[in-house]
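Below is one structure, written out as structure tokens, with a few remarks after it.
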Amino acid sequence: MRIVLLATSLAVLLVSGSAFAADEKTLPPPNAKKLSEIIAKVEQRNDFRYVKEVDWDSGVYTVTYYSSDKAKVEISYDPVTGETK
């Protein structure tokens, strides 16, 4: 009985471990610009009001901000060059 319980527990741990590994997101490359530099670029845009969200996904930073006329703007930035994509 103990062996069956131990084997079942081990199997569950092995399966759940690989599921956790699948949830890990990639990191920006080592030569990426600082996020603060990219945000500074956003803040210099015409009619900028405030940053709502910054997301890292699919190899780009996506910055969501609002303009002074309350328009929602989403821009994707290359992490290495800091330029829009």
Side-chain angles (χ1 to χ4, degrees):
M1 178 72 171
R2 282 183 149 174
I3 295 175
V4 172
L5 183 58
L6 181 62
T8 304
S9 299
L10 184 60
V12 168
L13 286 174
L14 290 175
V15 170
S16 64
S18 62
F20 287 129
D23 290 342
E24 291 181 22
K25 288 189 172 185
T26 59
L27 297 175
N31 60 339
K33 295 225 181 258
K34 292 181 180 179
L35 181 57
S36 59
E37 292 177 31
I38 293 173
I39 296 299
K41 282 184 151 189
V42 173
E43 291 173 336
Q44 293 170 359
R45 296 180 65 91
N46 291 338
D47 297 332
F48 169 81
R49 184 155 183 217
Y50 67 93
V51 172
K52 172 148 176 51
E53 181 178 17
V54 178
D55 189 33
W56 169 255
D57 194 27
S58 302
V60 297
Y61 285 113
T62 302
V63 179
T64 304
Y65 75 92
Y66 283 87
S67 62
S68 57
D69 63 353
K70 299 179 183 175
K72 181 180 178 180
V73 182
E74 286 187 13
I75 302 178
S76 295
Y77 286 89
D78 182 279
V80 176
T81 65
E83 299 300 320
T84 58
K85 280 194 149 192

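Not measured: the values here are computed from a predicted model.
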Exercise answer: donor-acceptor pairs, residues 68-75 side-chain atoms, under 3.5 Å, sequence neighbours excluded:
{"from": "D69", "atom 1": "OD1", "to": "S67", "atom 2": "OG", "distance (Å)": "2.2"}
{"from": "D69", "atom 1": "OD1", "to": "A71", "atom 2": "N", "distance (Å)": "3.4"}

Return each pair, listed once, that meets ring pair (Phe, Tyr, Trp, His ring centres under 6.0 Å) where at least one residue sits in residues 66-85; pairs must be two or more places apart or across chains.
Y50-Y66
K85: partners by salt bridge (charged side-chain N to carboxylate O under 4.0 Å, His left out), with sequence neighbours left out:
D78
Under 3.5 Å, which donor-acceptor pairs do the side chains of residues 52-62 form with other protein atoms, sequence neighbours left out?
{"from": "W56", "atom 1": "NE1", "to": "T26", "atom 2": "O", "distance (Å)": "2.7"}
{"from": "T62", "atom 1": "OG1", "to": "S76", "atom 2": "OG", "distance (Å)": "3.4"}

With a 3.5 Å cut-off and sequence neighbours excluded, list the donor-acceptor pairs that the side chains of residues 29-46 form with protein atoms.
{"from": "K41", "atom 1": "NZ", "to": "G82", "atom 2": "O", "distance (Å)": "2.9"}
{"from": "K41", "atom 1": "NZ", "to": "E83", "atom 2": "OE2", "distance (Å)": "3.0"}
{"from": "R45", "atom 1": "NE", "to": "Y65", "atom 2": "OH", "distance (Å)": "3.0"}

